[in-house]
Amino acid sequence: MRHGRAGRKFNRNSSSREALARTQATALLREGRIQTTLTKAKELRPYVEKLITTAKGGDLHSRRIVARDIQDNSVLQKLFSEIAPKYEGRPGGYCRILKIGVRRGDAVTMALIELV
């Protein structure tokens with residue numbers, strides 16, 4: 001039984017899963033919306049929302065915590081100067097997932113994840 005075991009493995013080891021989450025989070029924060037599979041989008045949403053919530057703190061400690069995951073300095077600057085202040089009065093729910101159909105090659109459900 002897998003009681004209390006959250007998260008999806010994506011048939012990858014832990015370092016590859018972490019790298020996937022970091023690159024997709026960086027792309028989402030840079031572009032504002034990305035197209036990915038539904039399961040990856042569902043894993044990405046809480047990851048990005050925690051980063052935004054931490055960035056809303058705005059202090060140096062918050063910046064260093066977020067910089068562990070977002071290594072692109074321009075995206076980090078954008079997160080703290082534009083994205084986090086935009087959600088200052090909002091208590092969560094910064095991302096939206098929209099289903100856009102199935103991929104032709106393997107019929108996996110595709111989704112669009114975007115910042116609200």
| task | Under the side chain to side chain contact (heavy atoms under 4.5 Å, CB included) rule, what do Leu29 and Ile70 come out as? Steps first, then yes or no, please. | result | CA-CA 9 Å; Leu29 294 172; Ile70 307 297; 4.0 Å; yes
| query | Can you check side chain to side chain contact (heavy atoms under 4.5 Å, CB included) on Tyr47 and Gln24, steps first, answer last? | reply | CA-CA 10 Å; Tyr47 188 83; Gln24 284 197 323; over 6 Å; no
| task | Rounded to the nearest 0.5 Å, what's the gap from CG on Leu28 to OG1 on Thr23? Could you check? | result | 11.5 Å
| Do Thr39 and Phe10 come close enough that some side-chain heavy atom pair is under 4.5 Å? | yes
| message | Distance check, rounded to the nearest 0.5 Å: Leu115 atom CG versus Arg96 atom CZ? | response | 9.5 Å
| note | The reported gap from CD in Glu114 to CD in Gln35 (rounded to nearest 0.5 angstrom) is 12.0 Å
| From Glu43 atom CD to Thr36 atom OG1, the distance as rounded to the nearest 0.5 Å | 11.0 Å
| note | Looking only at heavy atoms, the pair that brings Ser62 and Gly57 closest together is OG-CA, 3.9 Å
| task | Just do the side chain to side chain contact (heavy atoms under 4.5 Å, CB included) check on Met110 and Leu38 with the steps written out, would you? | result | CA-CA 5 Å; Met110 296 299 288; Leu38 181 62; over 6 Å; no
| field | Non-neighbouring partners of Thr54 that pass side chain to side chain donor-acceptor pair (under 3.5 Å), sequence neighbours left out | value | none
| note | All heavy atoms of Lys9 vs all of Arg17, minimum pair found to be O-CD, 3.2 Å
| field | Cation-pi geometry met for Arg63 and Phe80 (6.0 Å, 45°) | value | yes
| query | Heavy-atom count around Arg33 CZ within 6.0 Å, excluding the residue itself: above 12? | reply | no
| Between Leu20 and Arg12, is any pair of side-chain heavy atoms under 4.5 Å apart? | yes
| remark: Separation between CD1 (Ile97) and CZ (Arg45), nearest 0.5 Å, reads 4.0 Å
| message | Looking at every non-hydrogen atom in both residues, tell me the closest pair between Tyr87 and Lys56 and how far apart they are. | response | O-NZ, 3.2 Å
| said: Between Lys86 and Glu82, does any side-chain N to carboxylate O distance fall below 4.0 Å? | reply: no
| request: Please check if the side chain of Lys99 supplies one atom and the backbone of Thr109 the other of a donor-acceptor pair under 3.5 Å. | output: no
| For Cys95 and Val116, which heavy atoms make the closest approach, and how far apart are they? | C-CG2, 3.8 Å
| side chain to side chain contact (heavy atoms under 4.5 Å, CB included) between Asp69 and Leu51: does it pass, once the steps are laid out? | CA-CA 9 Å; Asp69 296 325; Leu51 289 176; 3.7 Å; yes
| query | More than 12 heavy atoms of other residues, nucleotides or ligands under 6.0 Å from CG of Asp106: is that the case? | reply | yes
| request: Look up atom OG1 in Thr53 and atom CZ in Arg90, then write down how far apart they are to the nearest 0.5 Å. | output: 11.0 Å
| note | Heavy-atom nearest pair, Ala25 first then Val48, reads CB-CG2, 3.8 Å
| task | Of all the heavy-atom pairs spanning Leu44 and Ala21, show the shortest one and how long it is. | result | CD1-O, 3.9 Å
| said: Using the side chain to side chain donor-acceptor pair (under 3.5 Å) criterion, which residues pair with Gln71? Sequence neighbours excluded. | reply: none
| said: Does Lys50 have more than 12 heavy atoms from other residues, nucleotides or ligands lying within 6.0 Å of its NZ? | reply: no
